[in-house]
Every structure is written in C-alpha cells, then in structure tokens.
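Notes to accompany the following structure.
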Amino acid sequence: MNPPLNNWLLRLRHRLDGPQWLFVGFVALLLLGGAAAGLARQPALLLPALLALGTLLALVEWRWVYYALFAVLPFSQEISLFGGLSMDVPSEPLMLVLTACVGLALLLRQGTLPRREWAHPLLLILALMLAWTAVDAAFSVDHTKSLKYLLAKAWYLVPFVLGTLLVVRRPAEAWRFAAVYAASACLSVGYVASRHATRGFSFAEINWALHPFFRNHVIYATMLALLLPFCWFALRAARSGGARLAWRVALGVLLFGLLTSYTRASIVSIPLAALYLLVLRLRLTRVLLLAMALTTAFSVSYFVVGDRYMEYAPDYEHTVFNGQNFERHLEATYKFQDVSGMERVYRWVAAARMIGEKPLTGSGAATFYPEYKRYTVKSFRTYVSANPEKSTTHNYFLLQLAEQGIPGFLLFISLIATTLLLAESLYHRAQARPEVRRVVLAATLSFVVIVFHLTLNELVEVDKIGPVFFICLALLVRCGTWLAESTDATTTEEA
C-alpha cells in the first residue's frame, strides 16, 4: 500500500472512536445503497442502509425510530417481492425494526405496562383476532399469503399498540406522533399539489399527481382526513402562539389536499365525524350501534331472499366513469351509474357467494384476490372488472367474512363496538380532565373517520392508514389508565 495513504488511514483510525466508526459505516452504506438503487432503479437496494439506520437508532433510543416512521410514511412506496407478495419501503422495514425494539424493551424491562392495560378488553380482542388469523391460516387456499398477512398483522400490533403505550406517558405526548405525521403529510400535499397544478387540478389527473407515493387518491385522502381530528384538538391543546399557528397551517394544508383529491367518502367523513361528537355527548352510541345492526340485517335479508339482488344488476353500457367532470361523477353516484360504485356491488356479490360456501373459515387471510373471480355473477360485471390493481371487496367488513369467516367477522365487529362504547365512557369520565378529553376526542373521531372508510374500502393493512387505526385504540386504553390513576389518587387523599 502507498505509505502516505497508509499513514493517513492509521491516523484516522486513532482519531475516530466506536460511535464515529458506526456513523461512517452507515454513511458509506447509505451512499453505496443509494447509488446502486439509482443506477438499477431498484428501491429495495436501500434496505440494508435503512435497516442499519434502524439498528443504530435502536441502540441509542428506539423511540426515535417510532417518530422517524411517521416522518417517512407519506413517502413510502410499494415494491414487488417473490411469489406475488409486496412490501412498502421504507415503512415496513421500519415496522420490523420497531417490533424488535418494542419486544426487547418489554423483555428487558426498559419499559413496562400496567397490569390493567395487559388485561384491557381491547388488547384481549386484538390478541384473539391474531390467534384466529393463525388458526384460520391452516384452512387458507394460499398458505403463503395468509402467513405473510399474519406476520404483517404482528408488526402492526406490536409497534402501534404496545409501542404507543410505551411512548405516550402523558397526555401532552399524544400530539407528538400527530405533529410528525401531519408535517410530513403537508409536505406530501405540497408535492401532489405542485404536480396537480400543472394539469389545472383536473379531477381526471389526481391519480397521476399522486405517483409514485400513493396507489390511488383514496389512500391519499384518507390519510389527510384521519389527521384532521388530531390537528384540531392539538390546536385546542397548544399553549404557545407558535404551536397554534403551526397547527392552523397544517389544518389548512390538509383541508386543501383533501378537497383537491376529489374523494367523496373522505370529504363526507369529516362532517360525519363531527356528528358523532353529538352522539358521544348525548350517550347515544348504543342506540347507534343497535340501529346499524338492525339496518344491516334488514338490508341483507331484503336482497338475499328470493335473489332480489339480481334486480339491481347494472347496465353495462350506461355504467361509466366521469373522469373529466366531478359534478357528473357525483350525479352518476346517486343514479347508480358510477362505475366504481357498481364495481363494488360486483365484488360484494362475489364475496357473499364466497361466504355461503365457507362460512366458518373463509378462504383465508389475504386471499380474496384472485379467489373471488370464481364466484362473480356476470350480470354485475363492469368494464373495470378485470381488476389490474388486484384490489379486493371495497368493504372491510365483508372482507373479514369472506376471508376469515364468521369468527373473524364477529371479532372485528366486537373490536369496533367495544372501542366506540369505551370512547363514550371515557369522554364523560374525563370531564374534569380536559387534557385527557382532548386526546379521547382526537383518537375517537379519527377512528370514526377510518371506520367509515372501511365500509367502502379495505385500509387497515395499508401502511399509511393502519398504524393510526391501532394508535387510536392504544390512546383510548392509555386514557383509561390516566383517568383510573386520577380516581385512585383522589380516593387515597380522601382516605
């Protein structure tokens, strides 16, 4: 080796300590991975650097990984893997790192959870859902897909339920993840709007403007809609003028992105969430759940008896997509001539027939596509029924029935009902704790926004939506602990 170069390397070795060498190694790995990913156009080549970053952060403070995930979440992309599987990068690798970090933190007792939280009904239902998914995988028509779904469910539950319970110790800390996610979402709105503006904010070009970070405008709009309740109540909780200004700006940007996404369900979900606030105040959650159960049962009976649903088969020639005109798009919706709405019916009919054949076990988690194609009814076919996106039922409740049978469906319904009833109870118990009540309201209304979307889409396993779904559950569990501790402290003082 060249002597001067050898001497320089020797001096460098003595000057750098262990952590500095780790940093140098990470930078080198990142540069090599970035160059290789750029030249080969393969984002997967960045995975070693991202995993190294996760490991490095985990050694220092794993909570940084938790917040880093929300910083990159709006910009994650789906890449294809072997066997028809896929992975969202960098979000899912970071979820894997977080899962390991949270597991180690609990095993090494670097963080602990109260016994009342381990035995909380929401955590027990989630555990039962995971257990049933594992059992049901044995009866799946595609064991590989169902196993991947089971693993993915685990790396959603551990970081965003248990991890959130470890991270959020005080009500003020509940707004931190929302601040990081909202800031990153605002940047994504800026990116989308800058592209969309070049096409005159055309309704037909919204999906083009979202590329490559969002598969479709529904995921983009749902992400923006679920953040609005957190931004609104974080604004109410903010104490400094600068923080209030930042939350107002975030609200404005997110609303702008939502309205220019032209996503009907997401726009409607905001006033519906506001109406649910009235339900909470009047203690009408039980009445609402009963009314929805009866309405659903009556509707299903009406359409199934005598095959009456066949009378509603769409006219193939008149079922269209008004991509150039949003007003005509809305008009086609209520006239039952919108292709996306009628394609949903096409899938729902197929799902109903799948349920009839395997009511107990379903076809297995993550197997609806392409299994449903054997159960479709030609009369309901539309010109987008080829389904190149490989999407599923466009109704998460039906999806649970079709893929995981009646037990999976009942567990999911139990989770929704228990969450809403708990939220109502916490809302009234927190009357003397406004800082806790604001967290309850933000988590509940965001949860309602997501559940409303689940009636028209399947989003719990989408990386930009699913984490917040589970975080809302964890926050409600933690709010219950805060209120119980307040009650215990008051009782002790009185004694």
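Just so you know, residue 1 is the first one in the sequence shown, and it goes up from there. Nothing here was measured: the structure is a model prediction, and the numbers come from that model.
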Look only at the side chain of [X] and the backbone of [Y], and say whether a donor-acceptor pair between them is shorter than 3.5 Å.
{"X": "Ser184", "Y": "Val180", "value": "no"}
{"X": "Lys464", "Y": "Ser76", "value": "yes"}
{"X": "Asp88", "Y": "Ser91", "value": "no"}
{"X": "Ser194", "Y": "Tyr191", "value": "yes"}
{"X": "Asn207", "Y": "Leu210", "value": "no"}
{"X": "Ser140", "Y": "Asp142", "value": "yes"}

Quick one: closest heavy-atom pair of [X] and [Y], and the distance?
{"X": "Gln404", "Y": "Trp132", "result": "O-NE1, 2.9 Å"}
{"X": "Ser269", "Y": "Phe452", "result": "CB-CD2, 3.6 Å"}
{"X": "Gly257", "Y": "Val189", "result": "CA-CG1, 3.9 Å"}
{"X": "Leu122", "Y": "Thr419", "result": "CD2-OG1, 3.3 Å"}
{"X": "Ser266", "Y": "Val218", "result": "OG-O, 4.4 Å"}
{"X": "Thr99", "Y": "Pro159", "result": "OG1-CG, 3.4 Å"}

Residue pair [X] / [Y], side-chain heavy-atom distance below 4.5 Å:
{"X": "Trp62", "Y": "Leu166", "value": "yes"}
{"X": "Val468", "Y": "Cys472", "value": "yes"}
{"X": "Leu150", "Y": "Leu130", "value": "yes"}
{"X": "Leu69", "Y": "Leu73", "value": "yes"}
{"X": "Leu162", "Y": "Leu157", "value": "no"}
{"X": "Leu456", "Y": "His394", "value": "no"}
{"X": "Leu126", "Y": "Phe470", "value": "yes"}
{"X": "Asp463", "Y": "Met95", "value": "yes"}

query = Between Glu205 and Arg195, does at least one N-O distance fall below 4.0 Å, as a salt bridge requires?
reply = no
query = So, Arg478 and Glu117, do they make that salt bridge, N to O below 4.0 Å?
reply = yes
key: Derivation of the side chain to side chain contact (heavy atoms under 4.5 Å, CB included) call for Leu420 and Tyr276   = CA-CA 10 Å; Leu420 295 178; Tyr276 187 73; 3.6 Å; yes
task = Give the C-alpha distance, both sets of side-chain angles, the deciding distance and a yes or no for ring-ring contact (aromatic ring centres under 6.0 Å, His included) between Phe70 and Tyr181.
result = CA-CA 5 Å; Phe70 289 101; Tyr181 199 11; 5.5 Å; yes
task = Provide the full list of side chain to side chain donor-acceptor pair (under 3.5 Å) pairs with a residue in residues 433-449, sequence neighbours left out, each pair given once.
result = Arg433-Glu435, Arg433-Ser486
Atom [atom1] of [X] and atom [atom2] of [Y]: how far apart are they, to the nearest 0.5 Å?
{"X": "Leu235", "Y": "Arg248", "atom1": "CG", "atom2": "CZ", "result": "5.0 Å"}
{"X": "Thr133", "Y": "Leu147", "atom1": "OG1", "atom2": "CG", "result": "11.5 Å"}
{"X": "His453", "Y": "Leu226", "atom1": "NE2", "atom2": "CG", "result": "8.0 Å"}
{"X": "Glu458", "Y": "Leu398", "atom1": "CD", "atom2": "CG", "result": "10.5 Å"}
{"X": "Leu476", "Y": "Ile471", "atom1": "CG", "atom2": "CD1", "result": "12.0 Å"}
{"X": "Arg347", "Y": "Thr392", "atom1": "CZ", "atom2": "OG1", "result": "7.5 Å"}

So with a 6.0 Å cut-off around [atom1] of [X], is the heavy-atom count from everything else above 12?
{"X": "Arg283", "atom1": "CZ", "value": "no"}
{"X": "His428", "atom1": "NE2", "value": "yes"}
{"X": "Arg169", "atom1": "CZ", "value": "yes"}

task = Kindly indicate, with the supporting measurements, whether the criterion side chain to side chain contact (heavy atoms under 4.5 Å, CB included) is fulfilled by Leu421 and Leu289.
result = CA-CA 9 Å; Leu421 291 170; Leu289 291 173; 4.1 Å; yes
remark   = Quick note, ring pair (Phe, Tyr, Trp, His ring centres under 6.0 Å) partners involving residues 227-249, not counting sequence neighbours, are Phe177-Phe230
query = Once the angle between the rings of Tyr369 and Tyr372 is folded into 0 to 90°, is it parallel (under 30°), tilted (30 to 60°) or perpendicular (over 60°)?
reply = tilted
key: Phe469 and Phe412 aromatic ring geometry - parallel, tilted or perpendicular at 30°/60° bounds   = parallel
task = Check the side chains of Glu92 and Tyr156 for a donor-acceptor pair under 3.5 angstrom, ignoring hydrogens and angles.
result = no
inquiry  = Determine whether Val167 and Glu173 satisfy the following criterion, side chain to side chain contact (heavy atoms under 4.5 Å, CB included), listing intermediate values before the conclusion.
reply    = CA-CA 8 Å; Val167 169; Glu173 294 173 348; 5.8 Å; no
task = Kindly indicate, with the supporting measurements, whether the criterion side chain to side chain contact (heavy atoms under 4.5 Å, CB included) is fulfilled by Ile270 and Leu258.
result = CA-CA 10 Å; Ile270 301 306; Leu258 178 61; 3.9 Å; yes
inquiry  = side chain to side chain donor-acceptor pair (under 3.5 Å), that's the test. Do His217 and Ser261 meet it? Break it down for me.
reply    = CA-CA 6 Å; His217 65 103; Ser261 72; 5.4 Å; no
ask   = Does the ring centre of Tyr220 sit less than 6.0 Å away from the ring centre of Phe213?
value = no
